[in-house]
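FYI, side chains are in, hydrogens and waters are out, and symmetry mates aren't considered; it's all heavy atoms of this structure. Here is how names work: the chains are called A, B, and so on, in the same order as the sequence lines, proteins then strands, and each is numbered from 1. Since we're looking at a predicted model, the values are computed, not measured.
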Amino acid sequence: MVTKNILFTEKVYTVVKKIPKGKVATYGQIARLAGNPRAARAVGMCMKNNPYAPVVPCHRVVAQNGVLTGYSGKGGIRGKQKLLKAEGVYFLKNNKIHMKQSGWNQ
DNA sequence: AAACTGACTTCTC
DNA sequence: GGAGAAGCCAGTT
């Protein structure tokens, strides 16, 4: 049976939780894994609500160009970047992530 | 049920 | 490469 037992958001959370440490995934990437390659915006909204804040490492989710967007958590973009750096994510001088290296190869 | 919003992506100039 | 505009999706009001 193909019943959608889990919501799109639930799928998103599941995918985000699968992101390995030291790597980052883009909203489009997550959306694609969640089943809708164009639901990048929806993914961001789910993170904003983020009922699974401590469960979903939303700080590992970045834009396609490698820029840290959003993150209503403590520290904002600043704290998010710091967290990623602490995990081993390589940042460029433009405060952008080196997707070629730290991008989630999925 | 309809309209608005938003942590995106892609196209074009 | 940078800036602006349009399109798309799910959730919330």
Requested in this report: Take atom CG of A:Leu92 and atom C1' of C:dG1, then tell me their distance rounded to the nearest Å.
Outcome: 15 Å
Report task. Using whole Å, report how far CD of A:Gln64 lies from P of B:dC11. Result -> 11 Å
Report task. Check every strand shown and say whether A:Ala42 touches a base, only sugar-phosphate, or nothing at a heavy-atom separation below 4.0 Å. Result -> base
Query raised in the report: Contact class for A:Lys11 vs. all strands (heavy atom < 4.0 Å): base, sugar-phosphate, or nothing?
Result: nothing
Query raised in the report: Is there a side-chain contact between A:His59 and A:Tyr71, using heavy atoms and a 4.5 Å cut-off?
Result: yes
Query raised in the report: So, is A:Asn65 near the phosphate of B:dT9, with a side-chain N or O under 4.0 Å from OP1 or OP2?
Result: no
Query raised in the report: With a non-hydrogen cut-off below 4.0 angstrom, is A:Phe8 in contact with a base, only sugar-phosphate, or nothing?
Result: sugar-phosphate
Query - Whole-Å gap separating C1' (B:dG6) and CZ (A:Arg38) - result: 19 Å
Query raised in the report: Between B:dC8 atom P and A:Arg32 atom CZ, what is the distance in whole Å?
Result: 19 Å
**Report entry** Proximity to the side chain of A:Thr69 - top-ranked nucleotide from C:dG11, B:dA7, C:dC9
**Finding:** B:dA7
Query - Pairwise side-chain contact, A:Ile97 with A:Tyr90, heavy-atom cut-off 4.5 Å (strictly under) - result: no
Query - Candidates B:dA7, C:dG11, C:dC9 - which lies nearest the side chain of A:Thr9 - result: C:dG11
Report summary line: In whole angstroms, the gap separating P of C:dC9 from CE of A:Met45 amounts to 13 Å
Report summary line: For A:Arg60 and A:Ile19 the tightest heavy-atom approach is NH1-O, 2.8 Å
Query - For atom CZ of A:Arg41 and atom P of C:dC8, their distance in whole Å - result: 12 Å
Report task. Using atom CD of A:Glu10 as one end and atom C1' of C:dA10 as the other, report the distance to the nearest whole Å. Result -> 13 Å
Query raised in the report: A:Tyr27 OH to B:dT10 C1': how many Å, rounded?
Result: 17 Å
Requested in this report: From the options C:dC9, B:dT9, B:dA7, select the nucleotide whose nearest atom is closest to the side chain of A:Met47.
Outcome: B:dA7
Query raised in the report: How long is the gap from CZ on A:Arg41 to CZ on A:Arg38, to the nearest 0.5 Å?
Result: 14.0 Å
**Report entry** Carboxylate-amine/guanidinium contact A:Lys23 A:Glu87, below 4.0 Å
**Finding:** no
